[in-house]
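Numbers here simply count residues along the sequence, with the first being 1.
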Amino acid sequence: MYLGIDLGTSGVKVLLVDPEQHIIASETAPLTVSNPASGWSEQDPADWIAATKAAIAVIRQNHAKQLSAVRCIGLSGQMHGATLLDANDTVLRPCILWNDTRSHAQAAALDGQEMFQRVTGNIVFPGFTAPKINWVFDNEPEIFKRLSKVLLPKDYLRLWLTGEYISEMSDASGTSWLNVEKRCWSDDLLAASNLSTDAMPTLVEGSQKAGKLRADLAIELGLSSEVTVAGGAGDNAASAIATGTVDAGSAFVSLGTSGVVFAANDAYLPNPESAVHTFCHALPDRWHQMGVILSATAALNWYAAICNASPRDLTDELGGVLQAPTGALFLPYLAGERTPHNDADIRASWHGLGGEMSRKEMTQSVLEGVAFALRDNLEALKIAGTNVSEVTALGGGSNSRYWLCAIATALNVPVHIPDDGEMGAAFGAVRLAMLADGLGSEQELCKPSPIVATIEPDKEKLGAFEETYQRFRGLYQTGR
């Protein structure tokens, strides 16, 4: 048996899977996010451990025998988070998360140093790890003096599981300290954050072994003492492994808290001017490019809370047939934006609202606004040299057929629906565990997900969506 643990922003998902990749059990334990100031986003790493324990405990109640047969654990998780530890592995402060933009000034200062884009192939975004550490250096000097190790969220879980400081290439790519082409830490980039490699975990590939489960923890969790832990992956690379998005030309769109357009590459193809992320993939000798928007389902959930309704109720009101844009436009920049704007200060706004419009039209505009922001990402990928002709849909938002129709039409590409679009990252972690355990080859274990349906662009509405998208692009400056 194999276990996949995905540390997300809103919860920890654990999958128990057999060698034929059949899911035996799935359990999720919720997490909350703290927002102590505008633009701040934090979590207590102790909550990650508690949620992981809780999810595994439920699986143990119903599948104790299968759980005890687990051979390897794969990890995936939210990227960029800064988990700061002292010399005794004590957490020094709440983890600063991927969607925290407080370090925008530090990010701009680092990005102004020529070596960062040259070595990493990426802009230094405020959400990346390095500027967060520079913010701590500038604003919390007493904490920085005690700093011994910096770990990404999933790698803090690994420390709890194994007692070892290990990370892997895909997650490390989002720190602004990795030489993404050579797949190693950069001494010069670390020095710009007043750090050295001593503060960094050892690096492995995602499909390699990366520690052994602690004997005492194995007993507590109901696992064998012989369990190993795979390198794993950042959440988007793990989702790519789950869907078989590993060869050049394959791509997916993810509708999670954030939104992603992800394309696999078999070569290192940096183009930081496009604001596209160029990262290592979770498999050796592979890379990927992706555009990222900070508010996808986060935008719908925010609007649903205002309406005192569930997101499903709101999307169900739209019916099953895609409607042409009404003229109301929503810019989904609730927490700033990454691709293509790299703008921590931009905020969300509505345009073109009329007195005749109801909740239904406003819901439609929220879904369309996210779709148009993803179109911005698709255009940025083209500038970066990657053409996407079709995508697979992942994430909780992909449960809305209407939303997928809007995305297919806004992007003007077919959208494939896999047999289970919500278990991407955790399932990818399982596949990496299988690879690390030597169960099979990449070609055997990382096959594309079976497709249950394909949504084609609505040809009758392509013109209206294109016209509205051009308006959307022009409105960015008005939200500043």
**Request:** Walk me through it: do Ser76 and Asp6 pass the test side chain to side chain donor-acceptor pair (under 3.5 Å)?
**Result:** CA-CA 5 Å; Ser76 64; Asp6 174 43; 2.8 Å; yes
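- Under the side-chain hydrogen bond (donor to acceptor under 3.5 Å, both in side chains) rule, Trp98 has a single partner from Thr9, Asp235, Thr257, which is Thr9.
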**Request:** Quick one: do Gln289 and His277 satisfy side chain to side chain donor-acceptor pair (under 3.5 Å)? Show the steps, please.
**Result:** CA-CA 5 Å; Gln289 291 179 315; His277 301 17; over 6 Å; no
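- Judged as a ring pair (Phe, Tyr, Trp, His ring centres under 6.0 Å), the pairs with a partner in residues 18-46 (not counting sequence neighbours) are, in order, Trp40-Trp135.
- Remark: Arg347 fails to qualify as a cation-pi partner of Tyr333 under the 6.0 Å distance and 45° angle criteria applied to the six-membered ring.
- Expressed to the nearest 0.5 Å, how far CD of Gln66 lies from CG of Leu16 amounts to 6.5 Å.
- Side-chain polar atoms of Ser310 and Asp313 form a donor-acceptor pair below 3.5 angstrom.
- Atom CG in Leu203 sits 6.0 Å away from atom OG in Ser167 (nearest 0.5 Å).
- Applying the side chain to side chain donor-acceptor pair (under 3.5 Å) test to Asp111 and every residue at least two apart in sequence or in another chain returns Gln117.
- When side chains are defined from C-beta on, Met1 does not count as touching Leu67, because their heavy atoms never get closer than 4.5 Å.
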Cut-off 3.5 Å, no hydrogens considered: what does the side-chain donor-acceptor table look like for residues 121-128, sequence neighbours left out?
unit_1: Asn122; atom_1: OD1; unit_2: Thr278; atom_2: N; d: 2.7
unit_1: Asn122; atom_1: ND2; unit_2: Thr120; atom_2: O; d: 2.8
unit_1: Asn122; atom_1: ND2; unit_2: Thr278; atom_2: O; d: 2.8

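- If you take CG on Leu84 and CD1 on Ile96, they are separated by 7.0 Å, rounding to the nearest 0.5 Å.
- Residues forming a salt bridge (Lys or Arg N to Asp or Glu O under 4.0 Å) with Arg158 (at least two apart in sequence, or on another chain): Asp155.
- Take His63 and apply the ring pair (Phe, Tyr, Trp, His ring centres under 6.0 Å) test, not counting sequence neighbours, and it matches no residue.
- In this structure, OH on Tyr402 lies 12.0 Å from CD1 on Ile407, to the nearest 0.5 angstrom.
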**Asked** Under the side-chain contact (heavy atoms from CB on, under 4.5 Å) criterion, do Leu331 and Ile346 qualify, and how do the steps go?
**Response** CA-CA 10 Å; Leu331 276 61; Ile346 186 72; 5.8 Å; no
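- One finds a salt bridge joining Arg286 and Asp247 here, because a Lys/Arg side-chain nitrogen approaches an Asp/Glu carboxylate oxygen to under 4.0 Å.
- To the nearest 0.5 angstrom, Cys307 atom SG is 5.5 Å from Arg359 atom CZ.
- Here the straight-line distance linking atom SG of Cys280 with atom CG of Asp171 works out to 11.0 Å at 0.5 Å rounding.
- For CD of Glu466, the number of neighbouring non-hydrogen atoms (other residues, nucleotides, ligands) closer than 6.0 Å is greater than 12.
- Using a 4.5 Å heavy-atom cutoff, the side chains of Phe372 and Phe330 are not in contact.
- Between Asp100 and Lys132 no salt bridge is recorded (no basic side-chain N to carboxylate O distance below 4.0 Å).
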**Message:** Does Ile241 form a side-chain contact (heavy atoms from CB on, under 4.5 Å) with Leu445? I'd like the steps, not just the answer.
**Reply:** CA-CA 9 Å; Ile241 296 297; Leu445 296 176; over 6 Å; no
**Message:** I'd like to know whether Leu15 forms a side-chain contact (heavy atoms from CB on, under 4.5 Å) with Leu3, so could you lay out the CA-CA distance, the side-chain angles of the two residues, the decisive distance to 0.1 Å, and finally the verdict.
**Reply:** CA-CA 6 Å; Leu15 290 184; Leu3 207 64; over 6 Å; no
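- A donor and an acceptor atom, one from each side chain of Glu368 and Ser365, are nowhere located under 3.5 Å apart.
- At a cut-off of 3.5 Å, with distance as the only test, no side-chain donor of Tyr476 or Asp376 sits close to an acceptor on the other residue.
- Side-chain contact annotation: Thr129 with His80, donor-acceptor N/O pair under 3.5 Å absent.
- Using modelled atom types and a 3.5 Å distance limit, the side chains of Thr454 and Glu456 yield no donor-acceptor pair.
- Using the six-membered ring where Trp is involved, His288 and His281 have ring planes that are perpendicular, over 60° apart on the 30 and 60° scheme.
- Salt-bridge annotation for Lys447 and Glu442: absent, with no side-chain N of the basic residue lying under 4.0 Å from a carboxylate O of the acidic one.
- Under a 3.5 Å cut-off, the side chain of Asn35 and the backbone N or O of Ala37 do not form any donor-acceptor pair.
- A donor-acceptor pair is defined here as one N or O able to donate and one able to accept, closer than 3.5 Å; no such pair exists between the side chain of Thr315 and the backbone of Ser400.
- Legend: residues meeting salt bridge (Lys or Arg N to Asp or Glu O under 4.0 Å) with Lys382, ordered by chain and number and at least two apart, are Glu379.
- Here Glu337 pairs with nothing under the salt bridge (Lys or Arg N to Asp or Glu O under 4.0 Å) rule; sequence neighbours left out.
- Put simply, the side chain of Asp419 never gets that close to the backbone of Ser449: no donor and acceptor are under 3.5 Å apart.
- In this view, Arg93 and Glu42, Glu140 satisfy the side chain to side chain donor-acceptor pair (under 3.5 Å) rule, not counting sequence neighbours.
- A donor-acceptor pair shorter than 3.5 Å can be found between the side chains of His351 and Ser349.
- Partners of Tyr2 according to the ring pair (Phe, Tyr, Trp, His ring centres under 6.0 Å) rule, which considers only residues two or more places apart in sequence or in another chain, do not exist here.
- Residues passing the ring pair (Phe, Tyr, Trp, His ring centres under 6.0 Å) test with Tyr303, sequence neighbours excluded: Trp350.
- A side-chain donor-acceptor contact under 3.5 Å links Gln208 to the backbone of Glu205.
- Under the salt bridge (Lys or Arg N to Asp or Glu O under 4.0 Å) criterion, Lys360 pairs with no residue, sequence neighbours left out.
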**Asked** Taking it one step at a time, do Glu168 and Ser170 satisfy side chain to side chain donor-acceptor pair (under 3.5 Å)?
**Response** CA-CA 6 Å; Glu168 47 70 45; Ser170 69; 2.7 Å; yes
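- Side-chain contact check for Gln43 and Gln78: at least one donor-acceptor pair (N or O, by modelled atom type) lies under 3.5 Å.
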**Audit row: Val260, Ser239, side-chain contact (heavy atoms from CB on, under 4.5 Å) steps and yes/no** = CA-CA 11 Å; Val260 175; Ser239 294; over 6 Å; no
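- In this structure, the side chain of Trp48 does not engage the main chain of Gly8 through any donor-acceptor pair within 3.5 Å.
- No donor-acceptor pair under 3.5 Å is formed between the side chain of Asn265 and the backbone N or O of Ala267.
- Just one of Leu394, Ile451, Val391 meets the side-chain contact (heavy atoms from CB on, under 4.5 Å) condition when paired with Thr243; it is Leu394.
- Taking Gln21 as the reference, Arg431 meet the side chain to side chain donor-acceptor pair (under 3.5 Å) condition, with sequence neighbours excluded.
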